[in-house]
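Following: one structure in structure tokens, then a few remarks.
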Amino acid sequence: MESLSTILQNARQRAEQHGLPYAGALTPQEAQQVLTLAPAAQLVDVRTRAELELVGRVPNATHIEWAFYPGMVANPDFLAQLDKQVDHEVLVMFLCRTGGRSHNAAVLASQAGYAEAYNVLEGFEGESTADTKQRGQINGWKAAGLPWTNA
């Protein structure tokens, strides 16, 4: 296992290379290592409740919906809910289905003063397969074999 400083340095370099406005971009494996190495770090899952119930969830992750199902209507209280549940001083990682909503959440959190806001690349389900369009097989949290549950 890499050291926490090496993992975060790699994540910061990815962010710089891609011009991302937040602290860094982590692979799912790196995010799991951060949770192990930095117990105060928080993983915030921004998927809808329906996604959590139908697809699965990461144990001990904080859940704040970025948008609501159906219709994917933006959550106007996202930042207020984040402020209530996550201290501005902790390292916070955002996770969604494929990395898009979590990117937006990391941008907003960074703009709101979360200096250690990270996006988890690939998301929980990752890319869909070319033939069957199924997710969770190519990359992402589930495909990496990281902890998750259906409960």
Side-chain angles (χ1 to χ4, degrees), residues 7-8 10-36 38-129 133-151:
I7 293 167
L8 297 180
N10 290 340
R12 287 183 187 112
Q13 286 176 346
R14 276 187 213 105
E16 282 181 31
Q17 289 170 351
H18 297 285
L20 303 174
Y22 41 81
L26 296 158
T27 67
Q29 296 88 338
E30 290 169 338
Q32 177 60 41
Q33 289 178 357
V34 169
L35 290 172
T36 301
Q42 280 190 258
L43 179 66
V44 177
D45 192 328
V46 302
R47 294 177 296 150
T48 65
R49 282 198 175 94
E51 287 172 296
L52 297 180
E53 292 169 10
L54 294 171
V55 182
R57 64 185 72 219
V58 177
N60 302 315
T62 300
H63 179 239
I64 305 171
E65 290 177 284
W66 179 257
F68 301 110
Y69 179 86
M72 297 310 287
V73 176
N75 177 359
D77 298 321
F78 180 84
L79 193 54
Q81 292 170 352
L82 183 66
D83 285 341
K84 284 182 184 175
Q85 297 181 58
V86 179
D87 188 296
H88 278 250
E89 302 305 315
V90 302
L91 187 153
V92 59
M93 300 171 286
F94 295 94
L95 176 76
C96 69
R97 182 179 184 189
T98 61
R101 285 172 283 171
S102 55
H103 163 82
N104 294 336
V107 169
L108 184 62
S110 182
Q111 291 170 346
Y114 289 84
E116 291 293 315
Y118 293 80
N119 182 27
V120 179
L121 302 168
E122 304 167 10
F124 187 74
E125 293 183 75
E127 297 174 61
S128 60
T129 59
K133 303 296 182 209
Q134 290 185 318
R135 296 186 184 277
Q137 299 174 1
I138 296 175
N139 58 14
W141 191 276
K142 283 177 80 172
L146 300 172
W148 68 280
T149 180
N150 282 328

- Query: Just by modelled atom types, is the Met72 backbone N or O under 3.5 Å from a matching donor or acceptor in the Trp66 side chain?
  - Reply: no
- Message: Under the salt bridge (Lys or Arg N to Asp or Glu O under 4.0 Å) definition, can you give me all pairs with a residue in residues 39-56, not counting sequence neighbours?
- Response: Asp45-Arg47, Arg49-Glu65, Glu51-Arg101
- CG on Leu52 to CZ on Phe124, rounded to 0.5 Å: 8.5 Å
- Message: Within the structure provided, determine whether Val55 and Arg97 are in side-chain contact (heavy-atom separation under 4.5 Å).
- Response: no
- Note on the structure: For His63, the ring pair (Phe, Tyr, Trp, His ring centres under 6.0 Å) test, sequence neighbours excluded, returns none
- ring pair (Phe, Tyr, Trp, His ring centres under 6.0 Å) pairs, two or more places apart, involving residues 41-60: none
- Item | Those residues that, when tested against Asn10, pass side chain to side chain contact (heavy atoms under 4.5 Å, CB included) (two or more places apart) | Glu2, Thr6, Gln13, Arg14, Glu30
- Of all heavy-atom pairs between Ala117 and Ala109, which one has the smallest distance, and what is that distance? CB-CB, 4.1 Å
- Task: For the pair Phe94 and Phe78, name the ring-plane relationship: parallel under 30°, tilted 30 to 60°, perpendicular over 60°.
- Result: tilted
- Message: Going by side chain to side chain contact (heavy atoms under 4.5 Å, CB included), name the residues that satisfy it together with Thr62, two or more places apart in sequence or in a different chain.
- Response: Gln42, Val44, Ile64, Gln85
- Message: I need the full list of salt bridge (Lys or Arg N to Asp or Glu O under 4.0 Å) pairs touching residues 114-124, with sequence neighbours left out, sorted by first then second residue.
- Response: Arg12-Glu116
- Message: Would you say Tyr114 and Asp87 are linked by a side-chain donor-acceptor pair, where the criterion is simply a distance under 3.5 Å?
- Response: no
- Item | Value rounded to 0.5 Å, distance of CG in Leu82 from CG in Leu108 | 8.0 Å
- Nearest heavy-atom contact between Val46 and Cys96 is CG2-CB, 3.6 Å
- Message: To the nearest 0.5 Å, what is the distance between CG on Asn75 and CZ on Phe68?
- Response: 3.5 Å
- Closest contact, heavy atoms only, Ala15 versus Ala23: CB-O, 4.0 Å
- Reported OH-to-OH distance for the pair Tyr118 and Tyr22, which is rounded to 0.5 angstrom: 11.5 Å
- Query: What's the spacing between Leu121 CG and Ser102 OG if we round to 0.5 Å?
  - Reply: 8.0 Å
- Message: Rounded to the nearest 0.5 Å, what separates atom CG in Leu26 from atom CG in Asn119?
- Response: 8.5 Å
- Task: List the atom of Thr48, the atom of Ala67, and the distance in Å for their closest heavy-atom pair.
- Result: CG2-O, 3.3 Å
- Closest approach of Pro147 to Pro59 (non-hydrogen atoms, all atoms of both residues): O-CD, 3.5 Å
- Item | Taking every non-hydrogen atom, the tightest pair across Trp148 and Gly56 | CE3-CA, 4.0 Å
